[in-house]
Asker: 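Before we start, here is the structure in question, set down as structure tokens.
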Amino acid sequence: MEEPKPKGLLARLKAGETVICAGGYLLELERRGYLQAGTFVPEVVIEHPDKVEALHREFVHAGSDVVLALTHYAHREKMRIIGREADLERMNRTALRLARKVADDTGTLMAGNICKLNLFDPNNSGWKEKAEVMFKEQLEWAVEGGADFVVAESFFAHAEAMFALQCAKKYAKGLPVVVTLNLQRHSELIDGVPIQTALVELADAGADVVGLNCGRGPPTMLPVLEEARNNIKVPLAAVPVPYRTHEGDPNFLTLKDENGKVAFPLDLDPWLCSRTQIAAFSRRARALGVRYLGLCCGNASHFTRAMAEALGRQPPASRYTADMSKHAYYGTDPTLIDFNTQEVCKNKF
């Protein structure tokens, strides 16, 4: 008997549910040694598909409601840079097949993915012709691959985000569309459009969910969300990076190491949030009315679990949530030796 399909994205949001979509595949697979920093092209999809599938399953195990196909930066411009345009279709179709398989196995949703193309030119509208070709092919592959909805993400320019939305409306066969922006240092996108104006216009243009992803960490994304919640009429998305961005460096791309050198991408570890900080952000975002939550570059399954648990869930990974009551030194279990009462151990801990 065929398994019933999971409730769709829009039905969940309409019911007031919070949807978790784990992201951050590129940096996590780079940390694991299967993807090159700098180019950040997901060659791993065709070179080590088992690693991609395993990470999909790991994120679902940790609480993600969505399997996000790893087609971010799997577009023609990125493939051109590394000389692998011939592998473009195979990479996209393989990524979608892997994501669909895991979603079907786990009863979760599967999302297709498009992103910024590095083509936007404010002084020449000719970029749109090439961009449409690139968005069109990825969107059509996503539809053919069985995506439940489309994520269009990480746009620095309002104009490119709006154009991506128009293409999704034209080529994605009516699939719901989530559009998220990557806000850099100021309150405006790189084409001068204020972030709040951009969010409103994207919602008015037909995006089903709008918000921010990547770039900003919880401390510098929250103020934008607080203002946006009163401005838009569609569900709000928040998918920050799990880094402790701050007023001086609101976007993780400019965080510095102890010598004042830009830490991205290899020396960001000291800036990572704690799980407690991710949980606090998740609760605050939900209290603001955010209904589409996730984590972007820097994410790992323990962060996704922290987010899910902060929302009151117990994903399969919660079986292994810390229980310090049985810890040898900090535990409170009455069967444990109390080292603090042992003369030989005094002042050792």
Side-chain angles (χ1 to χ4, degrees), residues 23-49 51-52 55 68-99 111-142 145 150-161 163-164 167-168 171 179-182 184 189-191 213-215 241 251-254 261-268 296-299:
Y25 286 88
L26 295 179
L27 263 65
E28 179 62 0
L29 286 163
E30 188 278 329
R31 285 188 294 219
R32 298 183 182 196
Y34 295 100
L35 193 144
Q36 184 182 56
T39 58
F40 285 116
V41 181
E43 298 172 271
V44 60
V45 167
I46 50 181
E47 294 178 352
H48 299 282
K51 304 303 180 185
V52 177
L55 187 53
L68 183 63
L70 185 48
T71 57
H72 189 106
Y73 281 163
H75 57 64
R76 194 167 294 280
E77 180 66 13
K78 278 286 192 177
M79 298 295 279
R80 178 192 63 77
I81 292 174
I82 64 169
R84 297 193 68 166
E85 279 189 86
D87 292 323
L88 176 68
E89 182 172 353
R90 180 162 70 106
M91 184 179 292
N92 276 267
R93 290 193 183 278
T94 301
L96 291 158
R97 176 179 56 79
L98 292 171
N113 184 290
I114 60 174
C115 67
K116 63 181 182 295
L117 302 175
N118 303 323
L119 293 175
F120 170 71
D121 184 348
N123 300 312
N124 183 0
S125 62
W127 64 271
K128 288 186 176 181
E129 183 177 353
K130 188 174 181 181
E132 183 167 3
V133 172
M134 294 164 63
F135 284 140
K136 177 178 183 291
E137 58 192 2
Q138 281 198 292
L139 288 163
E140 290 180 340
W141 290 328
V150 170
V151 174
E153 64 178 7
S154 303
F155 296 103
F156 292 130
H158 173 54
E160 187 180 20
F163 189 67
C167 289
Y171 299 113
V179 184
T180 51
L181 305 168
N182 186 332
Q184 295 188 309
L189 297 164
I190 64 170
D191 50 356
N213 84 291
C214 204
V241 295
N251 190 298
F252 84 135
L253 291 174
T254 58
K261 181 182 177 183
V262 171
F264 179 86
L266 304 181
D267 296 316
L268 285 166
C296 203
C297 297
N299 186 30

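Everything numeric here is computed off the predicted structure, so don't read it as measured data.
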Asker: Which residue in the set Asp267, Val262, Leu266 passes side chain to side chain contact (heavy atoms under 4.5 Å, CB included) when paired with Phe264?
Answerer: Val262

Asker: Give, for atom CG of Leu117 and atom CD of Glu160, the distance between the pair rounded to the nearest 0.5 Å.
Answerer: 5.0 Å

Asker: Looking at Arg80, Lys78, Arg90, Arg76, which hits salt bridge (charged side-chain N to carboxylate O under 4.0 Å, His left out) with Glu85?
Answerer: Arg76

Asker: How long is the span from the CZ atom in Phe155 to the CG atom in Asn213, to the nearest 0.5 Å?
Answerer: 9.0 Å

Asker: How far does CG of Asn113 sit from OG of Ser154, to the nearest 0.5 angstrom?
Answerer: 7.5 Å

Asker: Only pairs at least two apart or in different chains count here, so list each salt bridge (charged side-chain N to carboxylate O under 4.0 Å, His left out) that has a residue in residues 113-129.
Answerer: none

Asker: side-chain hydrogen bond (donor to acceptor under 3.5 Å, both in side chains) with His75: which residues, sequence neighbours excluded?
Answerer: none

Asker: If you compare all heavy atoms of Ala69 against all heavy atoms of Leu96, which two are closest, and at what distance to 0.1 Å?
Answerer: CB-CD2, 3.8 Å

Asker: Please give me the minimum heavy-atom distance between Val179 and Ala161, naming the atom from each residue.
Answerer: CG1-CB, 4.2 Å

Asker: Apply side chain to side chain contact (heavy atoms under 4.5 Å, CB included) to residues Phe156 and Phe120 and explain how you reach the verdict.
Answerer: CA-CA 9 Å; Phe156 292 130; Phe120 170 71; over 6 Å; no

Asker: Is the shortest heavy-atom distance from the side chain of Leu119 to the side chain of Met134 under 4.5 Å?
Answerer: yes

Asker: Minimum heavy-atom separation for Asn182 to Cys214, with atom names?
Answerer: ND2-CB, 3.7 Å

Asker: Hey, what do you get for CZ (Phe135) to NZ (Lys130), rounding to the nearest 0.5 Å?
Answerer: 12.5 Å

Asker: Rounded to the nearest 0.5 Å, what separates atom NE2 in His158 from atom CD1 in Ile190?
Answerer: 12.5 Å

Asker: What is the distance from atom CG of Leu26 to atom OG1 of Thr39, rounded to the nearest 0.5 Å?
Answerer: 9.5 Å

Asker: Show your reasoning for whether salt bridge (Lys or Arg N to Asp or Glu O under 4.0 Å) applies to Glu132 and Lys136.
Answerer: CA-CA 6 Å; Glu132 183 167 3; Lys136 177 178 183 291; over 6 Å; no

Asker: Do Phe40 and Leu27 have side-chain heavy atoms sitting under 4.5 Å apart?
Answerer: yes

Asker: With heavy-atom distances below 4.5 Å as the criterion, would you say the side chains of Leu70 and Leu98 are in contact?
Answerer: no

Asker: Compare all side-chain heavy atoms of Met79 with those of Val41 and state whether any distance is below 4.5 angstrom.
Answerer: yes

Asker: Are the side chains of Trp141 and Thr71 in touch, meaning some heavy atoms are under 4.5 Å apart?
Answerer: no

Asker: On a heavy-atom basis, which atom in Ala111 and which in Val151 lie closest, and how many Å separate them?
Answerer: CB-CG2, 3.9 Å

Asker: Just so I know, are the side chains of Gln36 and Ile82 near enough to count as touching, which here means a heavy-atom distance under 4.5 Å?
Answerer: no

Asker: With side chain to side chain contact (heavy atoms under 4.5 Å, CB included) as the test, would you mind laying out the steps for Tyr25 and Val44 before giving the verdict?
Answerer: CA-CA 10 Å; Tyr25 286 88; Val44 60; over 6 Å; no

Asker: Which atoms form the tightest heavy-atom contact between Ala74 and Met91, and what is the distance?
Answerer: CB-SD, 3.7 Å

Asker: Would you list the pairs meeting salt bridge (charged side-chain N to carboxylate O under 4.0 Å, His left out) in which at least one residue belongs to residues 30-39, sequence neighbours left out?
Answerer: Glu28-Arg31, Glu28-Arg32, Arg32-Glu58

